[in-house]
Every structure is written in structure tokens, then in C-alpha cells.
> 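My questions all concern the structure below.
Numbers here simply count residues along the sequence, with the first being 1. Whatever order the structure lists ligands and atoms in, that order sets their numbers, starting from 1.
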Amino acid sequence: MTENPFVFGTIVRGDNFADRKKEVKEIASDLTSKTNLIIFSPRRYGKTSLIFKVLEDLEKKSIICAYVDLYPATTIEKFANIYASSMAKSKGGKLDEIINFIKDLIPPVKLTVRPEGTSDIEGGMEIELSRGKSDINAVLSRLYDLPERIATKKRKKMVVVFDEFQEITKIDGQEIERSLRSRIQHHKNVSYVFMGSQMHLLGRAFESKDRALYRMGKPFNLRRIPPEEFGIFIKDRFRVGGMTISAGNVAKIVDLTQCHPYYTQQLCHEVWNYRKSLGTKSVETDDITVAKEQLMRNQNYAYTALWDSIKGKQRAVLLAMAKTGQKEIFASDFREDNGLGAPSTIARAAQYLEEKGLIEKNGSQYGISDTFFEEWLKRLD
Ligand SMILES: Nc1ncnc2c1ncn2[C@@H]1O[C@H](COP(=O)(O)OP(=O)(O)OP(=O)(O)O)[C@@H](O)[C@H]1O
Ligand SMILES: [Mg+2]
């Protein structure tokens with residue numbers, strides 16, 4: 001049986017990834033020429049999928065790549081273990097070699113290698129460093145030289161990606177940033193990528209003059225996938241899934257989702273399922289409407305939970321945005337008509353909603369990320 005060709009909620013690779021050729025080329029070229037990058041976007045725009053594609057291409061050019069997912073790094077000890085494990089998983093050498101590098105850098109360290117899944121670090125094998133809690137900062141500051149060591153030894157370039165970098169700022173104030181900078185600024189063979197979606201945290205870390213990582217990289221703002229490019233992808237995926245769809249209906253889909261990568265895949269997934277259940281192969285205009293309603297019914301529980309999780313002014317701002325479609329949320333008539341209070345109150349609510357990934361800021365304009373949730377809000381009494 002043909003599988004649903006639309007995937008959402010995981011990293012997409014290969015045929016499930018719409019090219020983003022321009023972005024891949026620009027990022028790969030910057031990293032090859034030793035430019036550090038700060039890649040940011042609202043949630044679920046495809047940062048992780050994109051960087052995996054770039055790393056795949058760079059590995060083909062013999063560049064050593066390490067991907068460090070900081071999402072589970074809730075303590076400094078976990079961060080150290082995740083960092084060491086990520087280096088060991090890079091193809092920068094056999095495990096033994098990397099372990100020797102680590103032991104060289106931090107001689108008295110006790111190091112345990114565990115198989116995947118036995119602690120809370122995900123993927124592949126895991127390294128656990130144990131040292132007295134007091135000097136974990138010292139351990140880390142030496143560990144930061146690991147990529148440069150690996151690259152120099154292998155006579156290759158290396159790229160290190162920190163995904164969900166904002167988590168670092170939550171662990172220990174700014175100590176990690178300071179020691180990271182003090183090491184990596186000397187690295188001659190390694191480029192760094194800092195990625196994340198919590199823009200206020202990333203912005204502060206990289207754009208404030210008083211922060212250690214100030215201007216440590218070139219900012220790269222990842223946007224939604226352009227409609228023409230997404231359209232070609234959607235048509236092709238329907239074809240792979242055994243269905244045809246007209247250009248007009250593709251346009252209707254991307255118009256509904258405003259080309260948001262995740263929500264577009266989600267809607268297409270539902271359209272494909274619905275058409276499949278009918279047993280015929282040509283996607284009709286009505287299918288899109290039916291699929292959208294189905295999707296919203298499926299999400300009703302999640303939307304209710306989201307709504308319950310926000311309070312007071314946050315609710316008021318979100319609801320007013322949905323009901324009026326207003327994007328200039330600080331405009332005085334919008335504030336007055338909806339009883340939202342002072343601009344500072346709206347700013348606080350907006351920051352919270354943005355952190356939760358519910359709204360997005362683009363220049364001076366704000367919009368609700370999930371158009372289906374927006375529709376759900378519009379229908380609230
Ligand atoms: N280039 C792409 N082509 C097709 N679909 C994509 C693409 N990029 C992202 N998506 C869709 O968006 C979803 C989220 O992608 P991904 O996890 O890479 O985004 P992210 O920006 O890293 O998200 P988060 O902010 O949650 O970490 C994917 O599961 C997929 O459905
Ligand atoms: Mg991600």
C-alpha cells in the first residue's frame with residue numbers, strides 16, 4: 001500500500017525535504033569559508049531539517065560535521081556529556097581516537113561510554129564524563145578545543161552545529177557563553193552554527209554589546225518556503241503518493257497555510273488521507289476544505305489545551321488578533337477596540353505568545369503561526 005507522502009513533526013530528509021537550494025548553497029558556502037552563522041526562525045520552519053541537508057553535503061566534501069542538540073541540556077553536566085557525545089558521533093575519527101583526544105584535553109576525567117538509550121541523551125552512543133561538580137566549568141572550557149584538535153589532526157575542516165542554542169542561556173547565566181567564546185575564537189579550522197527559535201534569547205545573546213558572543217556569527221533569518229518552490233514539491237509528493245492535483249488546488253493549499261512548512265505538510269497529509277479514503281486519484285477543491293475541517297477536529301483537543309495554558313491579557317491579545325486579523329498589534333484603535341491596555345502590557349503578552357510559538361513577528365507585524373488554530377480561535381464565542 002502506498003504510504004502517505006507528507007511528513008510532519010520530525011526532521012525531513014531526502015525526498016521529504018523541499019529543496020531550499022538557495023539556502024543550502026549559501027549556508028554551505030559560508031561554513032566552508034569559515035564564517036560562523038546564527039540561524040534563526042520561528043518554530044517549525046525547518047531549521048533542523050535544513051542544517052541536516054547542509055551537513056550531508058559538507059560531509060561529501062570531506063568536512064567533518066558535528067551536530068549538538070542542546071534541547072535536553074538542562075544542566076551543565078548534561079551539556080558536557082551531550083557535547084562530548086556529539087563530537088564522538090562526528091565522523092572525525094574512530095571512537096577510541098576521540099576518547100583519547102578527550103583524555104588528553106582533560107587528563108583526570110573518568111569517562112563512561114554507554115550504548116544508545118541508556119541515559120537521557122538521544123541517538124547513538126553516549127559519553128558520560130564524571131568529575132567533581134565544582135570544576136565542570138574547567139572541564140568544559142578544555143572540551144571546547146576538541147573540534148579544533150580533531151580537525152587539525154585529520155587535516156580537515158570541521159563544522160559544529162549547536163541546535164536549540166537558547167537552552168545554553170537558561171543553564172548558567174552567561175558563564176558558558178564566556179568560556180565558549182574564549183576558546184572558539186582561536187579555532188582556525190572549525191566553523192560554528194548557532195541555531196534556535198527563541199528569538200528574544202538568541203537576539204540578546206548575539207546582538208548585545210555586553211554579551212560574550214556579541215556578533216560571533218553572521219545572522220541568517222530562515223523564512224517560509226516560497227510558494228513556487230513549495231508548489232513543485234507538493235505536486236510531486238502527491239504524484240509519488242499516486243495522486244494528481246491541479247496548480248489551482250496547490251495554490252489553494254499554500255494560500256491557506258501561508259507556506260508555513262509544518263502546517264502545509266500537515267494539511268497535505270490530511271488531504272491525501274481523505275482522497276485515499278474515497279478511492280479516487282484526483283484531488284478536488286472540496287477535498288481541501290473537508291481535510292481542513294478534519295484536521296481541525298483532530299486538533300481540537302490540542303487547541304483546547306493550548307487555550308487553557310494561556311491566561312488574561314495573552315488570551316485577549318491572541319483572540320483579538322484572530323478575530324480582527326490585525327497585524328499591527330500596537331495600533332491605538334486595535335488596543336482600544338479590544339480593551340488591551342497599554343503598549344507595554346501588549347508587549348509582555350506578545351513576548352510570551354511568541355516564546356510559546358503561537359505568534360510570529362515579522363518587522364513590525366505579528367501573525368498567528370498556525371492558521372488552523374487561528375480559525376479555531378475565530379470560531380470561539
Ligand atoms: N524543506 C522542507 N520541505 C518540506 N517540509 C519541511 C521542510 N522543512 C521543514 N518542513 C516541515 O516542517 C516540519 C518541521 O521541521 P524541522 O523540525 O526541521 O523545523 P525546526 O525549525 O527545526 O523546528 P523546531 O523549531 O521545532 O526545532 C517538518 O516535519 C516538515 O513537515
Ligand atoms: Mg529544530
> I'd like to know if the side chain of Thr257 pairs up with that of Thr264 as donor and acceptor (distance under 3.5 Å, no hydrogens or angles considered).
yes
> One residue to check: Glu164. Relative to ligand 1, which of side chain, backbone, both or neither has a non-hydrogen atom less than 4.0 Å away?
side chain
> If you measure only the distance, is there a donor-acceptor pair under 3.5 Å linking the side chains of Asp163 and Thr48?
yes
> So which heavy atom in the protein is nearest atom 30 (C) of ligand 1, and how far is it from that ligand atom?
Val7 O, 3.6 Å
> Checking side-chain polar atoms at under 3.5 Å, does Gln166 have a donor or acceptor matched by the opposite partner on Glu164?
yes
> Is Ile225 close enough to touch ligand 1? Criterion: a residue heavy atom under 4.0 Å from a ligand atom.
yes
> Is it true that the side chains of Arg237 and Asn16 contain a donor and an acceptor less than 3.5 Å apart?
yes
> Under a 3.5 Å threshold, yes or no: a donor from one side chain and an acceptor from the other, between Arg44 and Tyr263?
yes
> Which protein heavy atom lies closest to atom 10 (N) of ligand 1, and at what distance to 0.1 Å?
Pro261 CB, 3.7 Å
> Please determine, by modelled atom types, if Tyr45 and His260 share a side-chain donor-acceptor pair under 3.5 angstrom.
no
> Give me the nearest non-hydrogen protein atom to atom 22 (O) of ligand 1 as residue plus atom name, then the distance to 0.1 Å.
Thr48 OG1, 2.8 Å
> Answer yes when Glu375 and Lys292 have at least one side-chain N-carboxylate O distance shorter than 4.0 Å, and no when they do not.
yes
> Go through ligand 1 atom by atom and flag the ones less than 4.0 Å from a non-hydrogen atom of Phe8.
29 (O), 31 (O)
> Going by an N to O cut-off under 4.0 Å, is there a salt bridge joining Lys154 and Glu97?
yes
> Can we say Arg211 and Glu177 salt-bridge, meaning some charged N sits less than 4.0 Å from an Asp/Glu carboxylate O?
yes
> Is the shortest distance from a Lys or Arg side-chain nitrogen in Lys218 or Glu26 to a carboxylate oxygen in the other one below 4.0 Å?
yes
> What residue and atom, counting heavy atoms only, is the protein's closest point to atom 19 (O) of ligand 1, and at what distance?
Gly46 N, 3.0 Å
> For atom 28 (C) of ligand 1, what's the nearest protein heavy atom and its distance?
Thr10 O, 3.3 Å
> Nearest protein heavy atom to atom 21 (O) of ligand 1, by residue and atom, and its distance?
Lys47 NZ, 2.7 Å
> Just need the protein heavy atom nearest to atom 5 (N) of ligand 1, so name the residue and atom and give the distance.
Gln265 NE2, 2.8 Å
> Can you list, by chain and residue number, the protein N, O or S atoms under 2.8 Å from the Mg ion (ligand 2)?
Thr48 OG1
> Using distance alone, decide if ligand 1 has a nitrogen or oxygen within less than 3.5 Å of any nitrogen or oxygen in Arg44.
yes
> Do ligand 1 and Ala18 have nitrogen or oxygen atoms that lie under 3.5 Å from each other?
yes
> With a 4.0 Å heavy-atom cut-off (strictly under), which part of Arg43 contacts ligand 1: side chain, backbone, both or neither?
both
> If we only consider heavy atoms of Asn16, is any one of them less than 4.0 Å away from an atom in ligand 1?
yes
> Do the ring centers of Phe40 and Phe165 come within less than 6.0 Å of each other?
no
> Would one find an N or O of Val12, backbone or side chain, under 3.5 Å from an N or O of ligand 1?
no
> Does a salt bridge link Arg297 with Glu293, judged by any charged N lying under 4.0 Å from a carboxylate O?
no
> Under 4.0 Å, heavy atoms only, figure out whether ligand 1 is touched by the backbone of Leu222, its side chain, both or neither.
neither
> Any carboxylate oxygen within less than 4.0 angstrom of a Lys/Arg side-chain nitrogen, looking at Glu360 and Arg224?
yes
> Is Ile11 close enough to touch ligand 1? Criterion: a residue heavy atom under 4.0 Å from a ligand atom.
no
> Provide the number and element of each atom of ligand 1 under 4.0 Å from a heavy atom of Phe17.
1 (N), 2 (C), 3 (N)
> Would you call Met321 and Val317 a side-chain contact if the rule is heavy atoms closer than 4.5 Å?
yes
> For atom 18 (O) of ligand 1, what is the closest protein heavy atom, and at what distance to 0.1 Å?
Ser49 OG, 2.6 Å
> Step by step, would you call Arg43 with Tyr262 a side chain to side chain donor-acceptor pair (under 3.5 Å)?
CA-CA 9 Å; Arg43 290 217 51 206; Tyr262 177 98; over 6 Å; no
